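What you see is a predicted model; the values in this text were computed from it and never measured. Positions are given from 1 along the sequence.
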Amino acid sequence: MRSGLTDRRAAVLAAALLAAAPALAEDGEALFEIHCAACHNTGGTGNPGLAPPLDRPAFWQGLGEAAPEYLAGVMVSGLNGTLVVEGQTYAGLIMPPVAGTTDEELAEIGTWVLGTLGETGSALGVEEIAAARETRPSHADLRAMRPAE
């Protein structure tokens, strides 16, 4: 009697696992948990002194029609500089660009942030991500887009 998997069975199992991997993180919330929650916390509630909460409908709604452009810019270019959010100062830390993601994944994350955390009813499309990758908005430009808190 042989122990373990045969080569054929092992190959089939490996192929099945690889095929299922995208389904494990196909929605924006799951992708957010993978790529963003380490700093912004589960559900976008933020980490005081580290990363501001993203679960702030008034902020996202205050950006208005520019919310998708702003979010795409932050995800692609990152953000640094002093921010005051809900009375908490975030200074000296740099949010790096979100790495290791496709434009489609960033669009899914952004749509979840805008729709669920921002309650804007907006979606973030692949075209906004592509435009942000092309223009690479500066951190100063992104900070200037932010509504007063």
If you measure from [atom1] on [X] to [atom2] on [Y], what distance do you get to the nearest 0.5 Å?
X: D55; Y: T116; atom1: CG; atom2: OG1; value: 9.5 Å
X: M95; Y: H139; atom1: CE; atom2: NE2; value: 9.0 Å
X: M75; Y: L106; atom1: CE; atom2: CG; value: 5.0 Å
X: E105; Y: I34; atom1: CD; atom2: CD1; value: 8.0 Å

Do [X] side-chain atoms and [Y] backbone N/O form a donor-acceptor pair below 3.5 Å?
X: N41; Y: G46; result: yes
X: T111; Y: A107; result: yes
X: E108; Y: L31; result: no
X: Q61; Y: G118; result: yes
X: W60; Y: L54; result: yes

Give the minimum heavy-atom separation between [X] and [Y], together with the two atoms involved.
X: P137; Y: G73; value: CG-CA, 3.6 Å
X: C39; Y: A51; value: O-CB, 3.4 Å
X: V84; Y: T89; value: CG2-OG1, 3.8 Å
X: E128; Y: A72; value: O-CB, 3.6 Å

Side-chain heavy atoms under 4.5 angstrom apart, residues restricted to Ile, Leu, Val, Met, Phe, Trp, Tyr: same cluster for L83 and L117?
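Both belong to a single hydrophobic cluster.
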Would M145 end up clustered with I129 when hydrophobic side chains under 4.5 Å apart are linked, directly or stepwise?
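They do share one cluster, since a chain of ILVMFWY contacts under 4.5 Å joins M145 to I129.
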Is it the case that atom CD in E69 sees more than 12 heavy atoms from other parts of the structure closer than 6.0 Å?
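At most 12 heavy atoms, drawn from other residues, nucleotides or ligands, come within 6.0 Å of this atom.
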Does any part of the side chain of [Y], heavy atoms only, come nearer than 4.5 Å to the side chain of [X], both counted from C-beta?
X: P97; Y: S77; value: no
X: Y70; Y: L114; value: no
X: P53; Y: E86; value: yes
X: Y90; Y: L50; value: no

Decide yes or no on side chain to side chain contact (heavy atoms under 4.5 Å, CB included) for V85 and R146, but give the supporting numbers first.
CA-CA 11 Å; V85 176; R146 296 173 62 87; 3.7 Å; yes
Assign the ring pair F32 / H40 to parallel, tilted or perpendicular, where the plane angle (0 to 90°) is split at 30° and 60°.
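If you compare the ring of F32 with that of H40, the planes turn out tilted.
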Test side-chain hydrogen bond (donor to acceptor under 3.5 Å, both in side chains) applied to T42 and E33, step by step:
CA-CA 6 Å; T42 296; E33 291 301 315; 3.1 Å; yes
